[in-house]
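Every heavy atom of this structure was used, including side-chain atoms; hydrogens, water molecules and symmetry mates were not. Chain letters run A, B, ... following the sequence lines, proteins first and then strands; every chain starts at 1.
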There are 2 protein chains.
Amino acid sequence: MTVDPDSVVPLFEQIAELLRADIKSGKLPRGRRVPSELSLCQEFDVSRDTVRKSIRLLRDEELVVTRAGKGTFVAELKR
Amino acid sequence: MTVDPDSVVPLFEQIAELLRADIKSGKLPRGRRVPSELSLCQEFDVSRDTVRKSIRLLRDEELVVTRAGKGTFVAELKR
DNA sequence: AAATATTTGTACGTATGTATG
DNA sequence: GCATACATACGTACAAATATT
């Protein structure tokens with residue numbers, strides 16, 4: 001999966017959409033930890049700021065829950 | 001009004017609480033523009049990032065609405 | 001138990017783009 | 001064109017919570 005820095009769609013939205021797709025498809029099943037912010041930075045070659053904005057979107061949608069020191073996990077409910 | 005950088009309460013939450021209080025008290029009435037990010041940065045001597053986090057909280061609570069190039073305004077409804 | 005590594009949280013700074021006045 | 005204001009995106013540093021060794 002890849003991301004287009006020249007798209008009118010902001011990077012953080014593109015990344016959120018990719019993660020969203022992985023969640024909805026079951027590639028990232030309930031309870032599974034989402035890759036760490038750092039690894040997402042590396043995977044998509046973006047800043048942590050951008051990754052965190054993506055994750056915040058998913059959190060606002062209650063697709064994931066985040067716990068300090070642990071990680072971000074695919075939500076158990078709401079799907 | 002002031003803010004305490006040594007508090008356990010994050011700066012962005014402290015600032016959000018001050019703005020929230022101004023809204024609820026009517027000091028910032030419906031439709032009124034909230035001070036710009038820059039002026040809030042100066043008033044509280046914090047970074048723009050911190051100010052934006054505060055405003056995001058209020059936006060999540062639907063207390064304010066933000067429009068690019070215009071400003072952030074106290075929401076008309078929901079109060 | 002203690003030190004280390006990992007992961008998220010907060011906070012700062014800068015640059016550039018877009019929308020509005 | 002210019003000034004103001006918010007949006008996106010990059011970077012850094014350190015703190016706090018949790019894992020691992």
Side-chain angles (χ1 to χ4, degrees), chain A residues 1-20 22-23 28 30-76, chain B residues 1-20 22-23 28 30-76:
Chain A
M1 279 305 185
T2 183
V3 119
D4 174 16
D6 296 325
S7 167
V8 289
V9 180
L11 287 171
F12 75 91
E13 285 183 15
Q14 294 183 51
I15 293 170
E17 180 51 34
L18 291 176
L19 292 173
R20 207 180 279 119
D22 283 349
I23 291 171
L28 282 176
R30 292 175 269 167
R32 170 73 54 82
R33 213 197 70 185
V34 174
S36 73
E37 294 175 357
L38 180 57
S39 67
L40 290 172
C41 291
Q42 295 166 339
E43 175 178 357
F44 296 113
D45 194 28
V46 297
S47 71
R48 195 177 157 210
D49 181 66
T50 298
V51 163
R52 283 175 65 78
K53 277 181 190 150
S54 305
I55 290 173
R56 169 140 211 179
L57 283 187
L58 302 181
R59 204 160 45 229
D60 287 350
E61 297 165 17
E62 297 180 293
L63 279 178
V64 301
V65 294
T66 297
R67 271 172 297 179
K70 293 200 70 173
T72 293
F73 300 82
V74 180
E76 293 289 350
Chain B
M1 277 307 185
T2 184
V3 118
D4 175 15
D6 296 325
S7 166
V8 288
V9 180
L11 287 170
F12 76 91
E13 285 184 15
Q14 293 182 53
I15 292 170
E17 180 51 34
L18 292 176
L19 293 172
R20 206 180 281 119
D22 283 350
I23 291 171
L28 283 175
R30 291 175 270 166
R32 171 73 53 79
R33 211 197 72 184
V34 173
S36 74
E37 293 176 355
L38 180 56
S39 65
L40 290 172
C41 291
Q42 293 166 341
E43 175 178 356
F44 297 113
D45 194 28
V46 297
S47 72
R48 193 171 159 218
D49 180 66
T50 299
V51 164
R52 283 173 65 77
K53 278 180 192 154
S54 305
I55 290 174
R56 169 139 215 180
L57 282 187
L58 302 181
R59 204 158 49 229
D60 287 349
E61 296 164 18
E62 296 181 295
L63 280 179
V64 301
V65 293
T66 297
R67 269 171 299 177
K70 294 201 70 176
T72 294
F73 301 82
V74 179
E76 293 289 350

Inset, instruction - Given side-chain contact (heavy atoms from CB on, under 4.5 Å), test A:Phe44 with A:Thr50 step by step and report yes or no. - result: CA-CA 10 Å; A:Phe44 296 113; A:Thr50 298; over 6 Å; no
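Taking atom CZ on A:Phe12 and atom C1' on D:dC6, their separation rounds to 13 Å, with Å as the unit. Here the C1' atom of nucleotide D:dA9 and the CZ atom of A:Phe44 are 16 Å apart, to the nearest Å. If you measure from atom CD of B:Glu37 to atom P of C:dA19, you get 16 Å, rounded to the nearest angstrom. B:Asp49 has its CG atom 12 Å from the C1' atom of D:dT12, to the nearest Å. Residue B:Phe73 contributes atom CZ, which lies 12 Å from atom C1' of C:dG21 at whole-angstrom precision. A straight line from CG of B:Leu38 to P of C:dT20 spans 20 Å, rounded to a whole angstrom. Rounded to an integer number of Å, the gap from A:Ile55 CD1 to C:dG9 P is 9 Å. Atom CD of B:Glu13 and atom P of D:dA15 are 19 Å apart (whole Å).
Taking 4.0 angstrom as the limit, B:Arg52 places none of its side-chain polar atoms (N or O) nearer than this to OP1 or OP2 of D:dC6. Using a 4.0 Å cut-off, some side-chain N or O of A:Thr50 falls inside it from OP1 or OP2 of D:dC10. For B:Arg48 and D:dA7, the shortest distance from a side-chain N or O to OP1 or OP2 is not below 4.0 Å. Of the side-chain N and O atoms in A:Lys53, none sit less than 4.0 angstrom from OP1 or OP2 of D:dT8.
When each of A:Leu11 and A:Gly69 is assigned the nucleotide of DNA chain D bearing its nearest heavy atom, the one mapping closer to the 5' terminus is A:Leu11.
Between B:Leu57 and B:Lys53, the closest side-chain pair of non-hydrogen atoms is not below 4.5 Å. In this structure, B:Leu40 and B:Val34 have side chains that are in contact, with non-hydrogen atoms separated by less than 4.5 Å. Proximity of A:Ile23 to A:Val64: side-chain heavy atoms (C-beta onward) are separated by under 4.5 Å at one or more points. Residues B:Arg56 and B:Arg59 form a side-chain contact, since some pair of their non-hydrogen atoms from C-beta on lies under 4.5 Å apart.
Atom CG of A:Asp60 is surrounded by more than 12 heavy atoms from other residues, nucleotides or ligands within 6.0 Å.
Nucleic acid contact for A:Arg67: sugar-phosphate only, since backbone atoms but no base atoms lie under 4.0 Å from a heavy atom of the residue. Counting any heavy atom pair closer than 4.0 Å across all strands shown, A:Thr66 reaches sugar-phosphate atoms only and no base atom. Contacts of B:Arg33 with the nucleic acid, taken as non-hydrogen atoms under 4.0 Å apart, involve only primed sugar atoms and P, OP1 or OP2. Nucleic acid contact for A:Arg56: none, since no nucleic acid atom lies under 4.0 Å from a heavy atom of the residue.
Across every strand in view, D:dT12 sits in a pair with C:dA11 that passes the Watson-Crick or G-U test at under 3.5 angstrom. Of the nucleotides present, none pairs with D:dA19 by Watson-Crick or G-U wobble criteria with both distances under 3.5 Å.
When the nucleotides C:dT8, C:dC12, D:dC6 are ranked by their closest atom to the side chain of B:Val46, C:dC12 comes out on top. Comparing C:dA11, C:dT8, C:dT20 by their closest approach to the side chain of B:Lys70 singles out C:dT20.
A syn base is found at D:dA19: its glycosidic angle is within 90° of 0.
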